[in-house]
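Computed from a prediction, not measured in an experiment: that's the story for all the values here.
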Amino acid sequence: SIATMLRSGAAPTSIILPDRTLGALLALFNGPSITLSQSGQHLFFVDGHRMLFSRTLDGTFPAYERIVPRDSDKKATVDRAALSAALRRVGQLSEENMACSLAFEEGSLQIASSSAQAGDAVEPVAITYTGEPIKVCINWRYLLDFLEAADGQMVALEMKMELTPMLLTDGSSFLNVVSLMRM
């Protein structure tokens, strides 16, 4: 855990950290735990003999739960490393918009892209899939960003229709919502 509350028995709290504070924490503190205390708008992070202090950001975190798709009826589970490798290869032939098509059907995901100068690329990836076959278009870099941040061997991709947002999860700690593109 990044932080352990200094006061034992303290009620759970929610705070918004500035990006710079989070970057400084990752760069400066490398111990197994960081002690966090809060006094009003100020936060204090302690790791051994080092201390970092910061202010909290005013406001509330956006209600991201509203945009997370909940009624997806098409779900694919795929090996994260295999999908990442295939995306890197096929994505190299995409145009400036980084568009790749993903065709889902039982047992297989076909990743495809094309370029007027370089030609076409198609690569299958083995998946576990439930739902009607569907073909969507996505910016492959956004999907790759998710795959690089995700933990675990398997990831899930859920969608409802060709243009509704796609929900990406790693099963434990990370979720991402990506808008799909028109083909």
If you group Ile, Leu, Val, Met, Phe, Trp and Tyr by side-chain heavy-atom gaps below 4.5 Å, do Val178 and Phe174 land in one group? yes
Is there a continuous path of hydrophobic side-chain contacts, each under 4.5 Å between heavy atoms, that joins Val125 to Ile134? yes
Would you give the length of the straight line joining atom [atom1] of [X] to atom [atom2] of [Y], rounded to the nearest 0.5 angstrom?
{"X": "Leu83", "Y": "Leu168", "atom1": "CG", "atom2": "CG", "result": "9.5 Å"}
{"X": "Leu157", "Y": "Tyr129", "atom1": "CG", "atom2": "OH", "result": "10.5 Å"}
{"X": "Phe104", "Y": "Ile111", "atom1": "CZ", "atom2": "CD1", "result": "8.5 Å"}
{"X": "Phe53", "Y": "Ser37", "atom1": "CZ", "atom2": "OG", "result": "12.0 Å"}
{"X": "Leu25", "Y": "Phe45", "atom1": "CG", "atom2": "CZ", "result": "5.0 Å"}
{"X": "Met51", "Y": "Leu28", "atom1": "CE", "atom2": "CG", "result": "13.5 Å"}

- Task: Take His42 and Arg55 through the side-chain contact (heavy atoms from CB on, under 4.5 Å) test and state the conclusion after the steps.
- Result: CA-CA 4 Å; His42 294 92; Arg55 289 184 53 91; 3.7 Å; yes
Do [X] side-chain atoms and [Y] backbone N/O form a donor-acceptor pair below 3.5 Å?
{"X": "Lys74", "Y": "Lys160", "result": "yes"}
{"X": "Arg80", "Y": "Leu147", "result": "yes"}
{"X": "Asn176", "Y": "Phe146", "result": "no"}
{"X": "Arg141", "Y": "Met98", "result": "no"}
{"X": "Asp47", "Y": "Arg50", "result": "no"}
{"X": "Thr164", "Y": "Met161", "result": "yes"}

Practice task
For the pair Ser54 and Thr21, evaluate side-chain hydrogen bond (donor to acceptor under 3.5 Å, both in side chains) and give the outcome as yes or no after the intermediate values.
Solution key: CA-CA 7 Å; Ser54 174; Thr21 300; 2.7 Å; yes
**Asked** Can you list the steps and then say if Ile138 with Met181 is a side-chain contact (heavy atoms from CB on, under 4.5 Å)?
**Response** CA-CA 5 Å; Ile138 192 169; Met181 304 167 67; 5.5 Å; no
For [X] versus [Y], what's the shortest heavy-atom pair and its separation?
{"X": "Glu162", "Y": "Leu180", "answer": "O-CD1, 3.3 Å"}
{"X": "Pro124", "Y": "Gln110", "answer": "CB-NE2, 3.4 Å"}
{"X": "Phe29", "Y": "Val46", "answer": "CE2-C, 4.5 Å"}
{"X": "Leu52", "Y": "Ala24", "answer": "CD2-CB, 3.9 Å"}
{"X": "Lys75", "Y": "Ala156", "answer": "CE-CB, 3.8 Å"}
{"X": "Leu109", "Y": "Ile127", "answer": "CB-CG2, 3.8 Å"}

For this session: Applying side-chain contact (heavy atoms from CB on, under 4.5 Å), run through Ser101 and Val136 and close with a yes or a no.
Result: CA-CA 6 Å; Ser101 69; Val136 299; over 6 Å; no
With a cut-off of 6.0 Å (strictly less than), are more than 12 heavy atoms of other residues, nucleotides or ligands near [atom1] of [X]?
{"X": "Phe44", "atom1": "CZ", "answer": "yes"}
{"X": "Gln92", "atom1": "CD", "answer": "yes"}
{"X": "Asp19", "atom1": "CG", "answer": "no"}
{"X": "Tyr142", "atom1": "OH", "answer": "no"}

In short, salt bridge (Lys or Arg N to Asp or Glu O under 4.0 Å) pairs touching residues 112-130 with sequence neighbours left out are Arg89-Glu123
Any [X] side-chain heavy atom under 4.5 Å of [Y] side chain:
{"X": "Val90", "Y": "Val122", "answer": "no"}
{"X": "Cys100", "Y": "Cys137", "answer": "no"}
{"X": "Ser114", "Y": "Leu93", "answer": "no"}
{"X": "Leu36", "Y": "Leu43", "answer": "yes"}
{"X": "Gln153", "Y": "Asp79", "answer": "yes"}

By salt bridge (charged side-chain N to carboxylate O under 4.0 Å, His left out), Arg88 pairs with (sequence neighbours left out) Glu148
Subject >> side-chain contact (heavy atoms from CB on, under 4.5 Å) evaluation trace for Leu87 with Leu143 >> reply: CA-CA 8 Å; Leu87 272 175; Leu143 182 51; 3.5 Å; yes
With no hydrogens and no angle check, just 3.5 Å: does a side-chain donor-acceptor pair link Ser113 and Ser94? no
